[in-house]
S.K.: 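Following this message is one structure expressed as structure tokens.
Start at 1 with the first residue, then count along the sequence. Every value quoted in this text rests on a predicted model; they were computed, and no experiment measured them.
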Amino acid sequence: MARLAACKKENKPVDGDDIQELAAYWQDFLKTFSDIDQDIVDAAHKFHAENNDPHLNYGLTHELYGYLSKAIEAMNDEC
């Protein structure tokens with residue numbers, strides 16, 4: 001989360017190497033955590049997109065999640 005926040009603070013582009021590395025890490029983490037169950041991956045994305053409670057988001061604020069989502073979209077656009 002600290003690296004993601006630093007990238008956001010520095011206004012690094014979502015298609016830049018730094019943030020793309022973090023987006024790939026997030027995707028890999030979700031796939032590992034969910035045992036590649038797309039319903040679980042989708043539920044995790046929905047949770048973070050809709051939940052603003054700082055006690056439940058473990059540092060992934062609504063603002064950071066939006067930034068990460070844009071990076072994931074950029075990553076998917078390249079594929």
Side-chain angles (χ1 to χ4, degrees):
M1 292 308 129
R3 285 183 60 202
L4 181 62
C7 287
K8 172 86 172 107
K9 184 177 181 179
E10 295 172 16
N11 293 315
K12 293 194 175 186
V14 295
D15 61 349
D17 290 343
D18 291 340
I19 186 65
Q20 284 297 297
E21 179 183 332
L22 295 173
Y25 176 84
W26 175 259
Q27 294 291 81
D28 288 344
F29 171 78
L30 283 180
K31 287 176 184 174
T32 300
F33 172 77
S34 69
D35 198 28
I36 311 178
D37 183 331
Q38 191 60 44
D39 290 337
I40 294 173
V41 171
D42 293 344
H45 283 291
K46 182 178 179 180
F47 172 82
H48 286 289
E50 295 176 356
N51 191 332
N52 257 345
D53 186 342
H55 296 99
L56 299 176
N57 65 22
Y58 302 100
L60 187 57
T61 65
H62 192 68
E63 182 180 69
L64 285 179
Y65 181 74
Y67 182 60
L68 179 61
S69 292
K70 289 177 185 174
I72 292 168
E73 287 176 24
M75 182 174 54
N76 291 336
D77 287 347
E78 290 180 10
C79 294

S.K.: Checking Y67 against L22 for the side chain to side chain contact (heavy atoms under 4.5 Å, CB included) test, could you report, in this order, the C-alpha distance in whole Å, the side-chain angles of both residues, the deciding distance, and whether it holds?
M.R.: CA-CA 11 Å; Y67 182 60; L22 295 173; over 6 Å; no
S.K.: May I ask you to test the I19-L4 pair for a side-chain heavy-atom distance under 4.5 Å?
M.R.: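 Yes; the side chains approach each other to less than 4.5 Å.
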S.K.: Quick one: pull up CZ in R3 and NZ in K12 and give me the separation to the nearest 0.5 Å.
M.R.: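 Between R3 CZ and K12 NZ, I get 9.0 Å after rounding to 0.5 Å.
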S.K.: Kindly compute the distance separating CH2 (W26) from OH (Y65), expressed to the nearest 0.5 Å.
M.R.: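 The OH atom of Y65 is 7.0 Å from CH2 of W26, to the nearest 0.5 Å.
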S.K.: To the nearest 0.5 Å, tell me how far T61 OG1 sits from M1 CE.
M.R.: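 The distance works out to 9.0 Å.
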S.K.: So with a 6.0 Å cut-off around CG of D17, is the heavy-atom count from everything else above 12?
M.R.: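 Atom CG in D17 is not crowded, with 12 or fewer foreign heavy atoms closer than 6.0 Å.
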S.K.: Considering non-hydrogen atoms only, spot the tightest contact between Q20 and A74 and give its length.
M.R.: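 The answer is NE2-CB, 3.9 Å.
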S.K.: To the nearest 0.5 Å, what is the distance between CG on D77 and CE on M75?
M.R.: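 The distance works out to 10.0 Å.
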